[in-house]
Amino acid sequence: MKIKKTTAIILSLGLCLPMLTACGNSKNNEKDTSSKTSNTSAQESQKEDETKNESESPQESKSEESKTEESTDVQTPDKKMHTLLICDSLKNDSMTATFSNSISGATEDIVMTKSKETDDGLIYTCQADTEKYNMVHLNYGNKLKSKDVAFNSFVAGWYLKDDPNFSYDPLLPYAEGLDLKYDPSFETAKLRFRDYEKTIYIWTPADYDAKSSEKYSTIYTFDGQSVLTQGLDRGMDNDKESWNIAESVTGMMSVTDNKAIIVSIVTDGESRENELIPDLGELYNDPDMPDEFKIDSKKFGNEFADFVCDTVMPYIQHKYNVYTDAKHNALVGSSLGGLETFYTVLAHPDKFSTGGVMSATFGVYDEKVWNSFLDKNIKSDNAPFLYFYAGSYGFDNGDVMEKMYITLAEKNYPQDKIVYNKYERGTHLILFWRNVFSEFLQAFFMQRVEALDFGAEIEYKDRTDMRNNVVTEIKIDENDPRLKDKNNFVYYDNSETKWENVYAFWWGDESFSTNIITGGFYETGWPGMKMEQIEGTDIYRIVAPEGAGNIIFDSGITDDEVKKGVTAYQTRDIVYKVNENTGMVYKIDLSQKPKKGKGSESTKFVYLKGSWSEYNG
């Protein structure tokens, strides 16, 4: 997890350049509205729809007879209603859904209907227009609000989970009958790239039929260590969360006629920056950037794209019952994975019809390098469909994503081959990519996103440059009386670990953190900020961050130092809640040996157990 978060900080620092119907009040809501959605691309003519063999297209439509039987809503040309289903494990007395369009800014509140109670929670439903809205969040409890998640005809539902591992209640992909363990089974393959093996995870649906005449589409992803499930002890990115893409695909299959398997390529550790940066020219590193934030890559990305196309794809297409044409293959990735996705689908349009480019680190190259690449690789006759997503301008590569989107338009990239979901509240975290993954699915199978216009103007309102806000030290007047209040600090007990220095590294859930005393910006890169030792004790303290959802205590060793063989220690990702953990001291449980890193991180040790207690100093 730390690698992923550190990359997020680094890339954000400049390396990367019409009416809703309330369910309870609509006569139509008495009907069953969970029928499957017909998903026909807007670019296909009616004649093509009538004659196309369903087994040859991912936009598989139901027959007109089936549509008549299953759709009871009166639909106007500009209104396409879809049912939002929520399984509420908190069992709230009431719930309101706020639908929104991330580009137009349109919003509408809908009071949801409580339809039934299951062992997993209360089921709430309502309907909204998927041509108007592409996001939704929930309002419930005592003024609580969920994160925004995708809303479209490919979303079966969302599970509002009561999870102590988070400072908020996460929404996870949901479909009726879904196993809520969120730990899907998948197969593992080892394929050779250069002089080492790569791990590939392959997920197939529960009803996968290897002999069916109706084949499956394939969704290829980078970062296999974070997209399917979690578990450090299983080689995954973290212990807390993943993209949960298997559950998103399962949900899609329950409400559409589309079928897919997932092929996820692990791209972690020391090889990540080498594999996911193509060699397009000289890397761009801002001369004002601290050395620890600068990119240093062997740029194997061109070879890695060939590996995906010439090794991984043939292996999958030989072993699994999948289509082999580009129309039925998509590639998706975020951060460096978004960069490599963009390169791969443009360099190999004969292999992929769609690229999911999320929070891509386009800033690793300057404008001159990108212009040269694009001039050689933009081909209007078979240009892949590009689904762009980015969070905020300064905190999630929105600056360079916006610039690339504009550049593509200037170079006459086909307007009906690209959409952009600009979500300004998003940061460089898994939860935001998970929350919009179902929108990428719609982009793949429909070659459009219902609520996002082709060629829409994209301009960020908040254009804060994160480079101007990096914290290097805490500046607080030593006479400030708030420094005497223990509840303005978090503490670490170093009495048994005996680290020479103690640092704290944190990150936010939706926004970056602020100093609880000054209210100022309060973020930095790995290994975090040095904690102050309380005189005469082994206790260290630091002014508490507000807005953070996780914290790591560590020995202050940089990644570069680890690569050189310096020993580093740290805790695992620890859930942090400002209203619960301020005034508390964290202590590692040394009864369990730390987990040793692999490869170039073999001198890094992560302690998996520990606990908070009241600080009484």
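For clarity, every value in this text was computed on a predicted model and none was experimentally measured. All heavy atoms count here, side chains included; hydrogens, waters and symmetry mates do not.
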List the residues meeting salt bridge (Lys or Arg N to Asp or Glu O under 4.0 Å) with E197, not counting sequence neighbours, and say none if there are none. none
Output every pair passing salt bridge (Lys or Arg N to Asp or Glu O under 4.0 Å) with a member in residues 311-324, not counting sequence neighbours, ordered by first then second residue. E187-K319
Is the F307-F193 ring centre distance short of 6.0 angstrom? yes
When the ring centroid of W612 is compared with that of Y586, is the distance short of 6.0 Å? yes
Look only at the side chain of Y569 and the backbone of I557, and say whether a donor-acceptor pair between them is shorter than 3.5 Å. no
Taking side chain as C-beta onward, heavy atoms only, is F154 less than 4.5 Å from F437? no
Checking E500 now: which residues fulfil salt bridge (Lys or Arg N to Asp or Glu O under 4.0 Å) with it, not counting sequence neighbours? none
Which heavy atom of L228 sits nearest a heavy atom of A246, and at what distance? CD2-CB, 4.1 Å
side-chain contact (heavy atoms from CB on, under 4.5 Å) evaluation trace for F304 with F222: CA-CA 11 Å; F304 200 66; F222 296 119; 3.6 Å; yes
Within a reach of under 6.0 Å around CG of D350, are more than 12 heavy atoms found that belong to other residues, nucleotides or ligands? yes
Tell me, please, whether Y607 has R572 positioned over its six-membered ring: NZ or CZ under 6.0 Å from the ring centre and within 45 degrees of its axis? no
Derivation and outcome, side chain to side chain donor-acceptor pair (under 3.5 Å), residues T229 and D183: CA-CA 6 Å; T229 189; D183 187 20; 2.9 Å; yes
According to the interplanar angle, ranging from 0 to 90°, do the rings of Y323 and H328 count as parallel (below 30°), tilted (30 to 60°) or perpendicular (above 60°)? parallel
For the residue pair D223 and S226, confirm or rule out a side-chain donor-acceptor distance under 3.5 Å. no
K190 and I200, any side-chain heavy atoms less than 4.5 Å apart: no
Pair Y320-T218, side-chain contact (heavy atoms from CB on, under 4.5 Å): steps then yes or no: CA-CA 10 Å; Y320 296 89; T218 308; over 6 Å; no
L441 versus S248: any side-chain heavy-atom pair under 4.5 Å? yes
Can we say K198 and E275 salt-bridge, meaning some charged N sits less than 4.0 Å from an Asp/Glu carboxylate O? yes
Using only heavy-atom distances, determine whether the side chains of S102 and K422 contain a donor-acceptor pair under 3.5 Å. no
Is it true that N302 and Y343 share a donor-acceptor pair across their side chains at a distance under 3.5 Å? yes
Would you say W158 and P173 make side-chain contact, with heavy atoms under 4.5 Å? yes
Side-chain heavy-atom pair V419, F388 within 4.5 angstrom cut-off: no
Is a donor from one side chain sitting under 3.5 angstrom from an acceptor on the other, for D396 and S359? yes
Check whether the side chains of D493 and S495 place a donor and an acceptor atom closer than 3.5 Å, and report yes or no. yes
Go through the steps to decide whether Y492 and T497 satisfy the test side chain to side chain donor-acceptor pair (under 3.5 Å), and finish with yes or no. CA-CA 10 Å; Y492 175 80; T497 45; 2.9 Å; yes
Going by distance alone, is a donor N or O of one side chain under 3.5 Å from an acceptor N or O of the other, for T558 and D560? no
Given the rule in the side chain to side chain donor-acceptor pair (under 3.5 Å) test, do D120 and T118 qualify, once you have shown the distances and angles that lead to the verdict? CA-CA 5 Å; D120 298 318; T118 70; 4.6 Å; no
Ring-plane angle category for Y220 and F352, please: parallel below 30°, perpendicular beyond 60°, tilted otherwise. perpendicular
Do W499 and V502 come within less than 4.5 Å of each other through their side chains, counting heavy atoms only? yes
Residue list, salt bridge (Lys or Arg N to Asp or Glu O under 4.0 Å) with D279, at least two apart or on another chain: K299
Contact check, side chains of V322 and Q317, non-hydrogen atoms, under 4.5 Å: yes
Any donor-acceptor N or O pair under 3.5 Å, side chains Y389, E439: no
Does the pair F440 and N421 meet the rule for a side-chain contact (heavy atoms from CB on, under 4.5 Å), with working shown? CA-CA 10 Å; F440 159 73; N421 181 350; over 6 Å; no
What's the spacing between N274 CG and E303 CD if we round to 0.5 Å? 10.5 Å
Could you tell me which residues satisfy side chain to side chain contact (heavy atoms under 4.5 Å, CB included) with D209, sequence neighbours excluded, listed by chain and number? K211, S212, Y216
Check: T250 and L178 side chains under 4.5 Å, non-hydrogen atoms: yes
With a 6.0 Å cut-off on ring centres, are F553 and F505 close enough? no
Using only heavy-atom distances, determine whether the side chains of S264 and T221 contain a donor-acceptor pair under 3.5 Å. yes
Contacts of K498 that satisfy salt bridge (Lys or Arg N to Asp or Glu O under 4.0 Å) - sequence neighbours left out: D538
